[in-house]
Protein chains: 2
Amino acid sequence: MSTATADGGGLHQRMLDTLGESIASGRLAPGSRLTLEDLQQEFSVSRTVARDTMRVLESMNLVYSRRRVGIVVQDPQHWNVFDPKLVHWRLASTRREAQYASLTELRIAVEPIAAAAAARRATHAQRGELGALAAELRRLGEAGDLEGFLAVDIAFHRLLLHSSGNEMFAAIDQMVAEVLTSRTQQGLMPFRPEEAALKAHEDVATAVSRGDTNKAEEAMHRVVVEVRQAMGLD
Amino acid sequence: MSTATADGGGLHQRMLDTLGESIASGRLAPGSRLTLEDLQQEFSVSRTVARDTMRVLESMNLVYSRRRVGIVVQDPQHWNVFDPKLVHWRLASTRREAQYASLTELRIAVEPIAAAAAARRATHAQRGELGALAAELRRLGEAGDLEGFLAVDIAFHRLLLHSSGNEMFAAIDQMVAEVLTSRTQQGLMPFRPEEAALKAHEDVATAVSRGDTNKAEEAMHRVVVEVRQAMGLD
DNA sequence: ACATTCCAATGGTGTTATCTTTTTGGGGAA
DNA sequence: TTCCCCAAAAAGATAACACCATTGGAATGT
């Protein structure tokens, strides 16, 4: 009762999150069968709400439904792994590490190219703002303010992705933010960021500002190369 | 009647595709308001079906719904641009070019890193198959069989993405296939693939086979660099 | 003239009941 | 044993209705 109305979303949000997380974590194994009726009872909701939920899960390719059979959990290889909801569920599950590794590798791939794109397409305001964030990053880094550093680091990467003018790059900003946050929370960051990292961020901002695509790509490569090494990818 | 049952999906598939394409193409501008009642009538379906459809569109962040207001088309920046359905709609719309450009840039970013990952993680069978596909590619290329070349090229890139062991890389295989197909259909491919391209594909296969991550990344970089130039990204 | 309060219309949210359609497993006939 | 047909199962779809959050604007007061 109180819980049903307490959370922000409607009924089917709750149901969606619960089921989604069950599937993402593997607790509901691929091949498992559900029926609408079971679900109605388990979550004590109406058929309509149960249907809504399954339709959304179906559109994420987490399940498929066949008449006479019921609703079947899909093989992971069919999942829409770029759906932010699924990413969130996977990060919340026990399979966190796998999702984290995939995201990091994606970030390593995308960010240098995004930097080059930003050097070509960023607006004047964006170029200025990037420079300001890079300077702020140095200030906070040298002051040893890890929390502030993280916030500005996220802002820097987010702005860069958006400045790329590629909406697919921009769309991964939330995922990059989660990766950066996780990195800090896990204590994987040195107490004081390395000089090389600070310099690399500044170089990205400078190159983007000057419209030097090659330099921007190279500098962003230096930013992520330390991540590659930390992940054992080099 | 006949049309309703003729196509593969149920009622709401039809409705979803129609609406999705309208939104993706911009014919239904951001900020446009719909109501369930309007939609029921326009598509002559029940409220339940209309709801199902809107829930799916909502989960893709193409729309959001608020009480008393109705269903509102979202700003493009909120869209889940990695959802295969949306990619498909955008490629089918008049904004094809923009989607095509974004995908190509994404491919340029991801494929070299995917090649490096494949060199590290591909199975023995995958390594062998990659080599076979590269050889077949040369044979078809030198024979001037563009259609066969395209098919094998798609198979090569798809296998590589899957061999990367990163499910997010694997998930973009369908999009890469569409880009390659489009490139050939638009006559952007030379009648006979360039020697450099054939060599680059072979080098990727060889490097992956040997587990040489750096070489694999560099060779795949050569594969996509011609695309960069063709798109004016260099 | 302007700000505040309040009310009623609107339209999504969720429930229940019912009918249709597809699929399939099993039983009976050839 | 094989084939065919039937009945049951479960999703697909429809309809009518109660509920309630929102909001635009009217009524009221300053």
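Hydrogens, waters and symmetry mates play no part in the numbers below; they use all other heavy atoms, side chains included.
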Within this structure, what is the [atom1]-to-[atom2] distance between [X] and [N], rounded to whole angstrom?
X        : N       : atom1 : atom2 : value
Tyr64(B) : dT22(D) : OH    : P     : 13 Å
Leu34(B) : dG12(C) : CG    : P     : 9 Å
Glu37(A) : dA9(D)  : CD    : P     : 11 Å
Met54(B) : dG12(C) : CE    : P     : 9 Å
Phe43(B) : dA13(D) : CZ    : P     : 14 Å
Leu36(A) : dA13(D) : CG    : C1'   : 12 Å

Q: Quick one: pull up OG1 in Thr35(B) and CD in Gln41(B) and give me the separation to the nearest 0.5 Å.
A: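 CD of Gln41(B) is found 8.0 Å from OG1 of Thr35(B).
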Determine whether a donor-acceptor pair (N or O, by modelled atom type, separation under 3.5 Å) exists between the side chain of [X] and the backbone of [Y].
X         : Y         : result
Arg127(B) : Ala119(B) : yes
Asn166(A) : Met168(A) : yes
Ser102(A) : Ala98(A)  : yes

Q) Taking DNA chain D as the partner, which of residues 15-23 of chain B come within under 4.0 angstrom of it by heavy atom? A) none
Q. Toward the 5' end of DNA chain D, which comes first, Arg33(B) or Asp52(B), by nearest nucleotide?
A. Asp52(B)
Q: Mind checking Leu39(A) for me? I need base, sugar-phosphate or nothing, with any heavy atom below 4.0 Å counting as a touch.
A: nothing
So, [X] and [Y], do they make that salt bridge, N to O below 4.0 Å?
X         : Y         : result
Glu21(A)  : Lys85(A)  : no
Arg51(A)  : Glu58(A)  : no
Arg121(A) : Glu105(B) : yes

Q: Summarise how protein sits on nucleotides 14-21 of chain D as a single string, 5' to 3': B when a protein heavy atom is under 4.0 Å from the base, S for sugar-phosphate-only contact, - for no contact.
A: B------S
Q: Please examine the side chains of His78(B) and Leu62(B), heavy atoms only from C-beta on, and report whether any two atoms are closer than 4.5 Å.
A: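 Leu62(B) vs His78(B): side chains apart.
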Q) Taking OP1 and OP2 of dT13(C), is either one under 4.0 Å from a side-chain nitrogen or oxygen of Ser65(B)? A) yes
Q: Verify the neighbour count for atom CZ of Arg33(B): are there more than 12 heavy atoms of other residues, nucleotides or ligands below 6.0 Å?
A: no
